[in-house]
Amino acid sequence: MPTNAKTSMPAFFDKKLITAKSNIMKTPYDCMERLAKLIMVFVLLFSFKLNAQDDGNKGISVYQYRQVAPEQMEEFISRETKYWSKVAEVALSKGNLMFWGLFQKVGGFDEPNSPNILFIKTYKDIDAMGNIWDPSGVWPNVPMEQMETFSMSNVINTIFTKPEAWVKASNAIPEKDYHYVKMIYHNASNPNNLIALEAKHWGPFIQSAMNSGKTKQKAWGNARILSPTGPKMKANTISLDIYSSLKEALDPTWDQNAVFPTDGLTEIGKLEMDQRISFVYRIVKVVSPPAQ
């Protein structure tokens with residue numbers, strides 16, 4: 001199918017219409033039926049193509065969980081924010097990188113054996129993600145040993161996700177209001193349905209509540225876990241709640257007049273097979289388009 005539908009459509013239809021006109025005197029009903037089917041097929045294929053393009057524009061995110069020793073955390077964060085966030089900015093301007101974020105876990109359990117740093121990187125083309133992290137073009141005179149952070153950290157987990165819904169408060173300013181994120185992990189019997197139900201019921205509700213001041217939450221989104229999957233994962237979707245303060249991230253407050261979508265929440269709850277798992281992270285540094 002041609003990329004430019006507006007330029008390709010006339011030529012496509014002219015050829016078919018010429019054939020139809022040459023046969024219409026012999027079997028008008030058959031020709032018109034063939035033409036109707038042809039148009040239907042064209043519309044279905046064109047709609048499928050548009051949907052595929054829209055879905056692909058969300059990209060694929062890589063969630064990388066690392067463990068950094070407390071005595072090295074300050075230097076680790078310094079290198080990532082000073083050097084690698086700038087590499088991310090250049091990659092973002094070139095188009096493949098859509099988002100880069102560094103998050104530091106607040107609290108936790110079994111801390112010596114758990115990740116305390118999370119990177120989220122979203123790519124338009126996941127197969128080309130390795131091509132954008134060469135820092136030589138940005139920092140030609142800085143030796144790698146001065147910039148690298150792998151020697152002071154261990155990668156604990158890497159998961160691939162598909163970003164889905166995203167809404168934010170109408171008055172939210174990310175640089176000013178996005179300081180903490182609560183990552184909530186869901187294990188659903190049907191993750192696609194859970195994502196759809198959240199977008200249908202929770203998304204509009206939280207958007208309205210944020211805009212009307214019934215909650216101090218600043219943004220909400222969700223994502224579907226693509227890999228790895230299986231019973232040991234204990235999660236197949238993720239929700240993200242964004243707040244300005246640690247207090248609100250830990251203990252959110254709601255206006256007493258807030259009316260929750262109880263029927264929708266009940267539908268969502270029926271799909272969840274385990275208790276939700278959640279962690280709070282401090283948003284250290286984010287590189288993203290202005291609209292984010």
Side-chain angles (χ1 to χ4, degrees), residues 55-56 58-70 72-73 76 80 98-123 125-130 133 149-166 180-203 220-242 249-250 264-284:
D55 188 57
K58 295 178 181 178
I60 290 178
S61 295
V62 181
Y63 285 49
Q64 185 185 81
Y65 300 79
R66 292 201 213 176
Q67 183 189 68
V68 180
Q72 293 184 302
M73 184 63 77
F76 178 93
E80 288 290 342
M98 303 170 71
F99 179 90
W100 179 93
L102 170 60
F103 308 86
Q104 182 183 13
K105 186 187 288 184
V106 178
F109 59 90
D110 192 22
E111 292 187 62
N113 302 305
S114 302
N116 50 16
I117 285 289
L118 168 62
F119 287 97
I120 300 178
K121 303 170 188 177
T122 304
Y123 303 89
D125 181 1
I126 194 68
D127 291 302
M129 64 178 176
W133 295 112
T149 60
F150 275 102
S151 65
M152 57 183 70
S153 62
N154 295 316
V155 177
I156 305 299
N157 297 300
T158 302
I159 66 175
F160 297 87
T161 75
K162 183 72 173 178
E164 298 289 355
W166 176 259
Y180 293 91
V181 55
K182 179 183 286 186
M183 311 284 295
I184 305 170
Y185 299 82
H186 310 255
N187 193 20
S189 57
N190 190 319
N192 290 332
N193 283 358
L194 187 139
I195 289 289
L197 287 172
E198 284 194 326
K200 178 181 178 181
H201 298 291
W202 187 253
W220 169 84
N222 62 14
R224 179 166 44 92
I225 295 177
L226 302 176
S227 180
T229 61
K232 291 186 178 181
M233 271 295 291
K234 299 295 184 183
N236 45 33
T237 76
I238 304 173
S239 295
L240 303 90
D241 297 339
I242 311 291
L250 295 171
L265 293 176
T266 298
E267 287 186 72
I268 292 170
K270 288 178 180 179
L271 293 177
E272 298 191 50
M273 301 183 293
D274 296 306
Q275 183 178 352
R276 297 177 179 182
I277 302 169
S278 68
F279 297 97
V280 174
Y281 289 85
R282 178 176 72 92
I283 301 174
V284 179

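Bear in mind that the values here come from a model prediction, so they are computed numbers and not experimental data.
- Under the side-chain hydrogen bond (donor to acceptor under 3.5 Å, both in side chains) criterion, E80 pairs with T149, sequence neighbours left out.
- Summarising the geometry, atom CZ belonging to F103 is positioned 10.0 Å from atom CZ belonging to F119; distances are rounded to the nearest 0.5 Å.
- Atom OG of residue S239 and atom CD1 of residue I195 lie 6.5 Å apart, to the nearest 0.5 angstrom.
- The two atoms that bring A188 and M273 nearest to each other are O-CE, 3.6 Å, heavy atoms only.
- At distances below 3.5 Å, not a single donor-acceptor pair connects side-chain atoms of K121 with backbone N or O atoms of Y63.
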Only distances under 3.5 Å count here; give the side-chain donor-acceptor pairs of residues 108-117 to other protein atoms, sequence neighbours excluded, each with its distance to 0.1 Å.
unit_1, atom_1, unit_2, atom_2, d
D110, OD1, N113, ND2, 2.9
S114, OG, F109, O, 3.1
S114, OG, D110, O, 2.8
N116, OD1, V68, N, 2.9
N116, ND2, V68, O, 2.8

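- With sequence neighbours excluded, the residues that form a side chain to side chain contact (heavy atoms under 4.5 Å, CB included) with I277 are Y185, F279.
- Atom NZ of K162 sits about 7.5 Å away from atom CG of L226, to the nearest 0.5 Å.
- Here the straight-line distance linking atom CD1 of I225 with atom OG of S61 works out to 11.5 Å at 0.5 Å rounding.
- Proximity of I159 to I238: side-chain heavy atoms (C-beta onward) are separated by under 4.5 Å at one or more points.
- Taking CG of N187 as the reference point, atom CG of L271 lies at 11.0 Å (rounded to 0.5 Å).
- Between Y180 and V106, the shortest heavy-atom distance links the atoms CE2-CG2, 4.2 Å.
- Each of R224, K270, E272 was scored for a side chain to side chain contact (heavy atoms under 4.5 Å, CB included) with L194, with one residue passing: E272.
- Looking only at distances, a side-chain donor or acceptor of K182 sits under 3.5 Å from a matching main-chain atom of A249.
- Heavy atoms only, all atoms of each residue included: R276 and I268 are closest at NH2-CG2, 4.1 Å.
- Every residue two or more places apart in sequence or in another chain that forms a side chain to side chain contact (heavy atoms under 4.5 Å, CB included) with A128 is listed here: N96, D125, N131.
- Taking the side chain as every heavy atom from C-beta outward, L118 and K105 never approach each other to under 4.5 Å.
- Using a 4.5 Å heavy-atom threshold, the side chains of I126 and V62 count as touching.
- For R282, the salt bridge (charged side-chain N to carboxylate O under 4.0 Å, His left out) criterion is met by no residue, not counting sequence neighbours.
- Listed for the N222 side chain is a donor-acceptor partner under 3.5 Å among the backbone atoms of A165.
- The local environment of NZ in K200 is sparse, with at most 12 non-hydrogen atoms from other residues, nucleotides or ligands closer than 6.0 Å.
- Using a 4.5 Å cut-off on side-chain heavy atoms (C-beta onward), E164 and T237 make no contact.
- Summarising the geometry, atom OG belonging to S151 is positioned 10.0 Å from atom CZ belonging to F76; distances are rounded to the nearest 0.5 Å.
- In this view, E267 and L197, H201 satisfy the side chain to side chain contact (heavy atoms under 4.5 Å, CB included) rule, not counting sequence neighbours.
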